[in-house]
There are 2 protein chains.
Amino acid sequence: MPVPKGTALDPDRTRATLLASATGILYERGLDGVGVAELCRAVGASKETLYRHFGSKDGLVEAVLEARSDRVVHWLTEAVEAAGPDPHAQLTALFDVLGDWYRQPGFRGCAIVNAATQRHAPPARTLADRHLARYGELLTGIAERAGAREPALLGRQLLILLEGATVVADHHDPHGRAAEDAKQAALALLSAQGA
Amino acid sequence: MPVPKGTALDPDRTRATLLASATGILYERGLDGVGVAELCRAVGASKETLYRHFGSKDGLVEAVLEARSDRVVHWLTEAVEAAGPDPHAQLTALFDVLGDWYRQPGFRGCAIVNAATQRHAPPARTLADRHLARYGELLTGIAERAGAREPALLGRQLLILLEGATVVADHHDPHGRAAEDAKQAALALLSAQGA
DNA sequence: AGGAGATGGTACCGATCGGTTCGATGTGAG
DNA sequence: CTCACATCGAACCGATCGGTACCATCTCCT
């Protein structure tokens, strides 16, 4: 986490460290909730270093969101694949790991969607679109392999459930059952499509 | 919309006008995307007037969100009641008006949820919680009247669908069918609960 | 040994932030 | 007519914003 004192050795290493540190703070406090000065203090880097690596605060934000999207999609995909070939088991596994995420102490919703809510401009908005599209591919794939009558429709509905559960878990879920509710709904929709 | 030049007649009238004007700009640009100076310019009021009525920018934001929550919940409730006593028709009407909302030119998601995403502090977060709770009551009521086996569960699942559709419509809905997809899912869940 | 490059720290820049104050203007109620 | 009040417009405040420049330091490579 701390950047080594003086180093000409790890240009990329430093960048990765800054990215990882900044991710957490920007998520917790919001993109506009933390200034560049405090950001540097928190990640243990100087302004010059940060600007040399990312060009601007928006550049840093973009890099953070891009990395986060990749990481999250990869994480969910792995959870699905680890559940074996059965689509029911895959959906169950997916909403279970989502539930684990929702229950983590600092959970504040989806970082990419949150960012797009805070910045109506292209970088964040575009990334959110791509992020949800990736979710959609993952979910539609499950619907197809399950033999659903309308896999594309079911995939979009599963995406709605996923995003809805994330929002509800963030803003109104006193008993922490959003993921479980969504899971049951997902399985019910799967059954209703004869799968 | 324009505030009358000089007036000792409408203390409350002015407040209502400011509230209505500010609502649109804060929604379009985000709570932190517009400063108080520009806000005043846009609503056609001076800083002094604004601060006398609302005390602070956060005070204005809180008043705006409170009014918006009341208005939206009342609007959805009316749409449901206007659909007659049949729960299927009520759900259909609800997601249809949501679809109309999603298709409006300046649609940017739910203002209250967006605000809570931008401000992690009590005023906005609390209002979002209450806002979703109100949605939940409306939806659970439909589930009960439909004779669902588990109306509370179904109500929560319908809330997930509503919020999910709103997020998807905002960030990734190239063909504008989020509301329709959610509606079909809602009716399917209703049927699956024997209602 | 020495040069090149990455870094931390700090001072600094203009712009904007939320918020306050003041005077001028116009309105309504007495 | 007069007084109280609401309002506008603008000046002003300290703080913070994103971003730049400079320099001493440290590590690696030659």
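Values below: all heavy atoms of this structure, side chains included; hydrogens, waters and symmetry mates excluded. What you are looking at is a predicted structure, and each value in this text was computed from that prediction instead of being measured. In what follows, every chain begins at residue 1, and chains take the letters A, B, ... in the order their sequences are listed.
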Please produce a list of atom pairs where a protein N or O lies less than 3.5 Å from an N or O of nucleotides 17-21 of chain D.
unit_1, atom_1, unit_2, atom_2, d
D/dG18, OP1, A/Lys57, NZ, 2.5
D/dG18, OP2, A/Val36, N, 2.7
D/dG19, OP2, A/Tyr51, OH, 3.0
D/dG19, OP2, A/Lys57, N, 2.8
D/dG19, N7, A/Lys47, NZ, 2.7
D/dG19, O6, A/Lys47, NZ, 2.2

Any sub-3.5 Å donor-acceptor pair from B/Tyr102's side-chain atoms to B/Thr166's backbone N or O? yes
Using modelled atom types only, decide if a donor and an acceptor are shared between the side chain of A/Lys57 and the backbone of A/Asp32 within a distance under 3.5 Å. no
Donor-acceptor pair, B/Gln157 side chain versus A/Asp181 backbone, under 3.5 Å? yes
Dot-bracket for DNA chain D, 5' to 3', counting Watson-Crick or G-U wobble pairs under 3.5 Å, with [ ] for crossing pairs and | for inter-strand pairs? ||||||||||||||||||||||||||||||
How long is the line joining CZ of B/Arg41 and C1' of C/dG18, in whole Å? 14 Å
Would you indicate, yes or no, if C/dG8 has its OP1 or OP2 atom less than 4.0 angstrom from a side-chain nitrogen or oxygen of A/Thr49? yes
Ignoring hydrogens and angles, tell me if any N or O in the side chain of B/Asp173 forms a donor-acceptor pair with the backbone of B/Ala178 under 3.5 Å. yes
Whole-Å distance separating the CZ atom of B/Phe54 from the P atom of C/dG19: 14 Å
What are the two closest non-hydrogen atoms of B/Ala83 and B/Gln90, and how far apart are they? CB-CA, 3.9 Å
Going by atom types alone, do B/Ser69 and B/Arg130 pair a side-chain donor with an acceptor below 3.5 Å? no
Does the side chain of B/Thr14 get closer than 4.0 angstrom to OP1 or OP2 of D/dT7 through an N or O atom? yes
Give a yes/no on whether any side-chain N or O of B/His53 is located under 4.0 angstrom from OP1 or OP2 of D/dA6. no
B/Arg52 CZ to D/dC5 C1', in whole Å, measures 9 Å
Any carboxylate oxygen within less than 4.0 angstrom of a Lys/Arg side-chain nitrogen, looking at B/Arg134 and B/Glu137? no
For the pair made of CG in B/Leu50 and P in D/dT7, what is the distance, rounded to whole Å? 11 Å
Ring geometry between A/Phe107 and A/Trp101 (parallel below 30°, tilted from 30 to 60°, perpendicular above 60°): perpendicular
